[in-house]
Structures are given as C-alpha cells and as structure tokens.
Amino acid sequence: MHAALLSVLALILGTGALVLTTAGTANADLAGNVTLNPASGTVDDAPAFTSISVDQACPAPYQDSVNVYIVLDGAESLLTSHVVGGAPFSTAPITADLSSGAIKRSIATAFEISSIDVTDGTYPIHVVCKSADGTNNEAPTFTTFIDITGSGWAAKAVTPPTSTSVRLTATPADRSVANQDITLKATVTPDTAVGTVTFKNGTVPIGSPNLPLTGGVATATLPGINVPVFTSITVEFTPTDPLTFGASQDGISYAVVAEPQLTVLDDTDNELQDTPTLTKGQKIKVTAEGFLPTTSGGGNGEDVAFTLDDGATAAPTVSSDGEGKVSNYAVTLPDDIADGSHSLVLTGATSGIEQTFAFRTGAGGTPTDDPTDTPTDEPTDTPTDTPTDTAGADNGGTNGGDTTGGSSDGGLSADSSGGTSGNSGGTSGGSNGPLAATGAGGAISMSVLALLLVTGGGYAAYRVRRDGRLLSFGPSPRD
C-alpha cells in the first residue's frame with residue numbers, strides 16, 4: 001500500500017533534484033529593450049507587427065523561435081506563434097520576422113478570443129523565447145508596452161519595470177516527518193513590490209491563491225504528507241502593476257521522511273531491548289526507517305553508513321529503499337571490541353540523519369538480555385536438593401573441572417564453550433540458563449528415585465523380620 005501511495009503521489013506532485021533544496025525559475029522576465037516595427041498601426045492589422053527587435057539574445061536553450069503575446073487582464077493572448085525568421089536568436093541584437101509565424105493575428109482578434117472588448121489603455125507585449133525541445137518548458141520573456149486609443153495603437157516609451165525576486169523557504173528546513181505540517185514563507189525583494197503570491201505543491205495551489213504581501217512577505221501551510229516522498233514546491237509573485245514591477249518565481253525540492261524507528265534483532269530473531277549486553281563477535285540484524293526516500297518515484301533512497309562509537313566501520317554502506325528504509329541488515333560486532341558501553345550509529349550520506357543503537361559488552365550479561373531468559377534458580381528447586389546437585393546446576397564449569405567455564409547464570413562463558421569435561425556439572429558450565437535448568441531437573445528426579453528405594457527397602461526389612469527370617473544375634477528370632 002505504501003509503495004502504491006508513493007507512486008501516485010510522485011506522479012501527481014512531481015519530484016525534485018537529488019539535493020534537498022534546489023532553486024528554479026519559470027516564465028522568467030528578461031532585461032532587454034524591445035522595438036516594434038512599425039511603431040504604430042491599427043488594431044485590425046494582421047500580423048499586428050511586421051517584426052520585433054530586442055537588444056539582448058534569447059538564453060540557451062531557448063533560441064529556436066519566438067512567440068508574441070498581448071497581455072489582457074493578466075493573461076497572455078497569442079498574436080504570433082512559432083516565429084523562426086531570423087533564428088537562431090542566440091546573438092544580440094535579435095530580430096524576428098513575424099511574417100514567418102505559424103499563426104498571425106490582429107490585436108482585435110486577440111481581444112475577441114479572450115472575450116474582452118477592445119478598450120483604451122496601456123497593454124504589455126510579451127516576446128517569449130522558445131526551444132524546439134518540448135521538454136524545455138520554461139518561458140524566458142522580454143516585455144514592452146503599447147497604448148490603444150480607439151482603433152489605433154502606438155508603441156509606448158516606458159521605463160522598464162523594476163525587477164523582483166522571490167525566495168521560498170520551508171519550516172522545518174530541508175525536510176519534515178510524515179504527517180507533519182510544513183510552513184512556507186515567500187520573501188519578495190524589493191519589499192516595496194506590490195502584488196500577490198501563490199504557493200503550489202506540484203501543480204496544486206496550497207491554501208488560498210493570490211495571497212497579499214505584508215512587508216514583502218506571505219506565508220502558507222502545507223498539510224502533512226503521510227508517506228515518504230520528494231515533492232516540488234513553488235511560489236509565484238504576480239505584480240499588481242506589471243508596468244512598475246516584474247514577476248518572479250522560486251521553487252524547492254522538499255523531502256518527507258518516515259518517523260524515525262530503529263529495530264535490532266539478535267541472531268535468533270529476538271528483538272533486543274534498550275541498551276542490551278552483547279558478546280564480542282555477535283551477529284545482529286538492523287532495521288531502520290526515517291532516511292531520505294527516492295527522488296524519482298522509483299529505485300533506492302540515500303546511502304546509509306554504519307559506524308561504531310570509535311569511528312570503526314561496523315558494516316559496508318547500504319542503500320535505503322524507495323521509502324528511506326533499511327531492512328534486516330546484518331552487522332557483526334568486532335571480536336576485539338572493548339568491554340563497556342558502545343553505540344552503533346546509522347548516518348544518511350546525503351541528509352546527515354542519524355539513528356543510534358546503544359549497547360554494552362563485557363562479562364556478566366547474556367548475548368541478548370532477553371527478558372524471557374529462564375533464571376538459573378528455578379521455582380522447581382526443592383529443599384531435597386543436595387549440595388552436590390546445587391553445585392552441578394549452579395557452578396557449571398567448576399564441577400566440570402574447568403573453573404573458568406562457569407558463571408552464576410547457567411555457566412555462560414565469553415567463548416561459549418565453558419567446561420565440557422568431567423561430570424555432568426562441567427557440561428552445564430558451558431551452556432545458557434535453560435541448559436543449567438536441565439541439570440536441576442535431573443537432581444530432583446534422582447532424589448525421588450532414592451526416596452522410593454529407601455521406602456521399599458524399609459518395608460521389605462520389616463516383613464522379613466516379622467516373619468522371623470531375618471538373621472539375628474539375640475537369644476530369639478524376634479529379638
């Protein structure tokens with residue numbers, strides 16, 4: 001289900017670059033002086049202009065053709081499209097022959113297509129640089145203006161609008177945890193620019209569109225996303241008066257990660273509790289969530305490094321999956337790790353996200369510190385246990401002739417061999433708690449058998465004596 005949701009969200013929202021935050025522009029305003037030829041005419045002339053010249057070149061790779069628009073009520077209405085006369089437009093100044101356009105419309109037709117009546121006023125004219133490669137979808141734009149009076153128009157000599165820039169930031173910065181709200185902030189420079197901003201998650205507006213600025217700043221909240229994903233967030237500044245201020249855009253690629261979670265199993269798949277005691281050379285399996293997911297809707301997330309607190313590499317670096325998860329990764333503790341407290345640190349190579357597993361090494365603990373371990377002093381021990389039985393069960397390798405093999409915890413030893421020679425007590429000295437408990441059970445069985453033999457022997461002696469068949473040194477058979 002997570003994988004399916006991740007794929008759908010990735011398609012809807014789009015994805016960013018591999019880096020955590022990436023600036024981008026679209027429909028960028030370009031500085032340049034535009035000259036219309038002729039400089040005046042009627043609204044019924046088609047094409048509206050014979051040619052257009054700009055004292056700057058189109059930026060690469062948008063140098064293959066130009067489109068010309070008139071801006072009506074904030075929206076572009078096409079006048080001439082796919083103008084290739086004079087291309088490539090790579091060297092300043094550029095001149096585009098509008099008679100080569102695939103579509104050639106009059107100003108009056110552009111008003112009609114936009115369902116707007118021709119009205120006196122000042123209108124922007126956009127010259128948009130285009131690329132023959134359809135995957136290049138930005139729109140670098142030069143701007144000039146015309147005045148319309150009645151049925152005539154004339155080029156307007158105006159001061160170019162003040163350029164603006166808008167910067168998008170997010171809190172938390174760089175990334176957030178799934179289901180955590182994200183606060184977005186747009187800062188427009190200069191802060192005197194008058195207009196509105198619209199935030200978008202992919203192509204979907206965030207909150208209310210056209211938010212007004214206060215001191216050049218506007219904010220919005222993106223509700224928490226419930227799966228790990230990279231999403232593309234943008235903001236667009238639209239000036240109230242395009243003759244005074246230019247438009248601007250910004251964007252970031254933002255990561256959502258899973259809630260951090262670390263699970264560690266021993267080599268028998270028992271989950272280790274907080275700060276367990278482990279043995280030298282012990283094998284464990286690590287599962288961790290909360291690293292960066294894939295940036296492309298498929299494949300792996302970021303690489304994750306495994307290091308011990310002394311800086312030693314505990315295992316080779318591994319790639320997290322598409323949701324930023326490492327699953328059941330095998331790690332073996334060094335044979336020469338020092339006794340004491342340690343930590344295994346998992347670090348995301350791109351994000352720097354860290355997760356830590358704390359543990360201890362040294363004598364006196366079990367390999368897993370599993371709370372289900374059976375204690376050596378079992379409830380089945382009875383007062384009939386003899387000192388010899390107790391020593392065999394609890395002293396382990398001491399009775400086996402190996403004083404280093406046993407411990408009070410079922411005879412656990414550092415090398416797990418214990419004392420294996422001698423009697424049964426020596427065997428239990430090299431085992432875990434459950435094996436030590438087996439020795440105690442054997443002592444109980446022997447005690448019961450001895451009691452039965454004593455009782456049976458006593459009863460037989462009584463019957464033989466009563467019948468007078470017992471040998472006697474007294475004066476009569478019954479003395």
Side-chain angles (χ1 to χ4, degrees), residues 18-20 172-175 177 228 255 257-293 300-321 323-373 397 404-418 430-433:
L18 178 62
V19 294
L20 296 180
D174 300 336
R175 61 182 178 269
V177 174
V257 300
E259 185 76 33
Q261 183 172 337
L262 186 64
T263 303
V264 181
L265 306 178
D266 65 12
D267 51 9
T268 58
D269 290 338
N270 290 316
E271 182 175 348
L272 298 174
Q273 305 303 311
D274 291 341
T275 319
T277 299
L278 307 179
T279 59
K280 299 178 181 182
Q282 182 171 346
K283 294 180 177 4
I284 57 176
K285 289 185 286 189
V286 179
T287 296
E289 299 181 63
F291 295 100
L292 290 183
N300 295 326
E302 67 176 325
D303 288 345
V304 179
F306 289 71
T307 55
L308 293 170
D309 42 40
D310 61 359
T313 299
T317 297
V318 63
S319 295
S320 62
D321 65 16
E323 294 185 353
K325 181 179 180 180
V326 175
S327 300
N328 289 323
Y329 191 58
V331 176
T332 302
L333 299 185
D335 291 331
D336 58 353
I337 191 170
D339 291 348
S341 298
H342 297 281
S343 59
L344 175 65
V345 181
L346 284 66
T347 307
T350 302
S351 66
I353 294 172
E354 287 191 354
Q355 297 195 49
T356 301
F357 170 63
F359 62 95
R360 298 186 300 270
T361 57
T366 66
T368 63
D369 275 5
D370 192 331
T372 61
D373 282 351
T404 65
S407 73
S408 60
D409 186 15
L412 179 67
S413 67
D415 63 2
S416 75
S417 61
S431 65
N432 292 332

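- Separation of atoms OG1 (T347) and CZ (F291) is listed at 7.0 Å; rounding is to 0.5 Å.
- Of all heavy-atom pairs between E302 and A349, the closest is OE1-N, 3.4 Å.
- The distance from the CZ atom of F357 to the CG atom of L272 is 5.0 Å, given to the nearest 0.5 Å.
- Taking CG from N300 and CG from D321, the interatomic distance works out to 7.5 Å, rounded to the nearest 0.5 Å.
- Rounded to the nearest 0.5 angstrom, R360 CZ and D339 CG are separated by 12.0 Å.
- Atom NZ of K280 sits about 8.5 Å away from atom CD1 of I337, to the nearest 0.5 Å.
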Show your working on side chain to side chain contact (heavy atoms under 4.5 Å, CB included) between S320 and K325 and close with a plain yes or no.
-> CA-CA 5 Å; S320 62; K325 181 179 180 180; 5.7 Å; no

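- Here the closest heavy-atom approach between residue S343 and residue T356 is recorded as CB-CG2, 3.6 Å.
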Check against side chain to side chain contact (heavy atoms under 4.5 Å, CB included), V257 and L292 | CA-CA 6 Å; V257 300; L292 290 183; 3.9 Å; yes

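- The side-chain hydrogen bond (donor to acceptor under 3.5 Å, both in side chains) search around Q355 returns none, not counting sequence neighbours.
- Between the side chain of T287 and the backbone N or O of N328 there is at least one donor-acceptor pair closer than 3.5 Å.
- Rounding to the nearest 0.5 Å gives a distance of 9.5 Å between OG1 of T279 and CG of D335.
- Considering all non-hydrogen atoms of both residues, A358 and P276 come closest at O-CD, 3.5 Å.
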Verdict with reasoning, V326 to L346, per side chain to side chain contact (heavy atoms under 4.5 Å, CB included) = CA-CA 10 Å; V326 175; L346 284 66; 5.6 Å; no

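- Of the possible polar contacts, none joining the E271 side chain to the D269 backbone as a donor-acceptor pair under 3.5 Å is found.
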Assess whether side chain to side chain contact (heavy atoms under 4.5 Å, CB included) is satisfied between L308 and L344, documenting all intermediate values.
-> CA-CA 5 Å; L308 293 170; L344 175 65; 4.0 Å; yes

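- When the shell of 6.0 Å around NZ of K283 is examined, it contains 12 or fewer heavy atoms from other residues, nucleotides or ligands.
- Sorted pairs that involve residues 265-289 and meet ring-ring contact (aromatic ring centres under 6.0 Å, His included), not counting sequence neighbours, are lacking altogether.
- Considering all non-hydrogen atoms of both residues, A315 and A330 come closest at CB-O, 4.2 Å.
- Within the structure, the ring-ring contact (aromatic ring centres under 6.0 Å, His included) test picks out the following pairs touching residues 326-345 (sequence neighbours left out): F306-Y329, H342-F359.
- Between I353 and G290, the shortest heavy-atom contact is CD1-O, 3.4 Å.
- Across all their heavy atoms, S319 and D303 have their closest contact at OG-OD1, 2.6 Å.
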